[in-house]
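A quick write-up on the structure given underneath.
Residue numbers start from 1 in every chain, and the chains themselves are labelled A, B, ... in the order their sequence lines are given, proteins ahead of strands.
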Protein chains: 2
Amino acid sequence: MSETKNDLTGRNEADEVSKEVTDKYSLRGRVFNRIREDILSGKYAENEELKEVSIGNELGVSRTPVREALRQLELEGLVNIIPNKGAYVHGISQKDIHDIYVIRSYLEGLAARWACERITDEEIEALEENVYIANFHIGKKHYETIVELDSQFHETIYKASGSKILEHQLSTYHHYVERIRKISLGREERAKKANEEHAAILEAIKSRNGDLAEKLAHEHIISTIANLNKQGL
Amino acid sequence: MSETKNDLTGRNEADEVSKEVTDKYSLRGRVFNRIREDILSGKYAENEELKEVSIGNELGVSRTPVREALRQLELEGLVNIIPNKGAYVHGISQKDIHDIYVIRSYLEGLAARWACERITDEEIEALEENVYIANFHIGKKHYETIVELDSQFHETIYKASGSKILEHQLSTYHHYVERIRKISLGREERAKKANEEHAAILEAIKSRNGDLAEKLAHEHIISTIANLNKQGL
DNA sequence: ATGTGCATTATTGTATACAATGATACTTGC
DNA sequence: GCAAGTATCATTGTATACAATAATGCACAT
């Protein structure tokens, strides 16, 4: 059956974004990323059974890396494993995405607050550069780059928060909604507004105003939610 | 070398609390819980290397379940895996615990807010019973039970929030700080105050006052942090 | 004495083999 | 015909075998 396979022996599309925990250059890591993307992108149907051998064949690897990947995905909540029975897709629903945004609105606020106390000069410069360059690409409608810069802006703040725990959690959520973010930032109007909000957050952080930074970062996500609703998501 | 082993063939101590994602009755699940407890309880030193065969021998299982468990722990952030090199303990520091409490203070607030909208009558009853019974056991100084009831109270609210995502996250954090919670609730004064706060949160939820419920739940955790500081943690 | 190169060992990465469990379908008795 | 029991198959769970990589230590040259 498994003919039109995409072999994972080389280093292919799974390489893109993902500044992830899981390494990309082991079979397991690549299988993990691959299945995750496939679940997040909706390639698998909800509750679809993920059989170890099938996926293994499809990806040209044995059961072992697939098993390990599935076990990890279980922990991420993207896969539901029933012992001795099988692994089932447990994708994220519209409601889940909405929940994630609301949760993020709080945690991004906290990250910005903490960043006020612990951010380094280099990180501030990185953020300034980010906002400046993003402004350029928004004018040019380079949407791929805009999304990437948006990611970097947020990730930098996560790091600047000085909390491994918070950084890890926000990164995970950020990646969960990546598909949505691409759509959201695909509108010039939203991209522009988002960047202005970034600039405001940055100013608050630079002036070490924790209350304001938290409020602005929180509202930045709320504003994103509003935009998504407007786009019917 | 591995003589004083504790075999995982039977169902032993790993059974206790953990309403976890990972199932408890597969070798992998038990190995996972076991290593996790050992890391959280500080049995392993920070950065200690976790060798698959050693752990396997110690627990009387082969490398396979150990590997899978380690991969999952990596995702939970308790283990740091360097490809082709090894798995290293990445326990949670005092600061991590503090961070978790602050993060929880926000998310518990959100959970309480959402619970106002979605809680069922059965869940309300469960909470009422919980507060009532806890009051009894606090009088009797049954600290084991008190901790268990505290867990149940919070878990019930997580469920009542109606958000799988939030529930999952809060459960994980809740478990992370279990050791600390045991210490905290070990003081009658704190146990009593905590239960009063639970009662207040419950009342707010019953009256469907989202703002108040969020505020109280938030302050409940802040109050816990204050107590921990008082205990020098 | 010290540093480089190679052989050896230890350890992880992957694949496969075997065991156990659950699903399916067929047979048999009524 | 139909239900219960059973045999067969599919699939997961665990163990082991083999491959690849990194660590270690020793020999040898300088």
(message) Closest-nucleotide mapping onto DNA chain C: is A:R63 or B:R63 further toward the 5' terminus? I mean the 5' end.
(response) B:R63
(message) Taking any heavy-atom pair under 4.0 Å as a contact, classify B:L70: base, sugar-phosphate, or nothing.
(response) nothing
(message) Any base atoms under 4.0 Å from A:L50, or only sugar-phosphate, or nothing? Heavy atoms, all strands.
(response)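 Contact class for A:L50: sugar-phosphate only.
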Residue pair [X] / [Y], side-chain donor-acceptor N/O under 3.5 Å:
| X | Y | result |
| --- | --- | --- |
| B:T120 | B:E123 | yes |
| A:Y158 | A:E108 | yes |
| A:T172 | A:E76 | no |

(message) Rounded to the nearest 0.5 Å, what separates atom CD1 in A:I146 from atom NZ in A:K182?
(response) 13.5 Å
(message) How about CD on B:E129, more than 12 heavy atoms from neighbouring residues, nucleotides or ligands closer than 6.0 Å, or not?
(response) no
(request) Just do the side-chain contact (heavy atoms from CB on, under 4.5 Å) check on B:Y176 and B:I97 with the steps written out, would you? (result) CA-CA 8 Å; B:Y176 268 28; B:I97 290 175; over 6 Å; no
(message) Ring-plane angle category for A:H220 and A:H154, please: parallel below 30°, perpendicular beyond 60°, tilted otherwise.
(response) parallel
(request) Would you grab the first and last nucleotide of DNA chain C (5' to 3') that comes under 4.0 Å of any non-hydrogen atom in chain B? (result) C:dT11 to C:dT14
(message) According to ring pair (Phe, Tyr, Trp, His ring centres under 6.0 Å), does anything in residues 88-107 of chain A pair up with another residue at least two apart or in another chain? List the pairs.
(response)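 Those involving residues 88-107 of chain A are A:Y106-A:H218.
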Scan nucleotides 7-11 of chain D against the protein and return all N/O pairs shorter than 3.5 Å with their distances rounded to 0.1 Å.
unit_1: D:dT11; atom_1: OP1; unit_2: A:K51; atom_2: NZ; d: 2.8

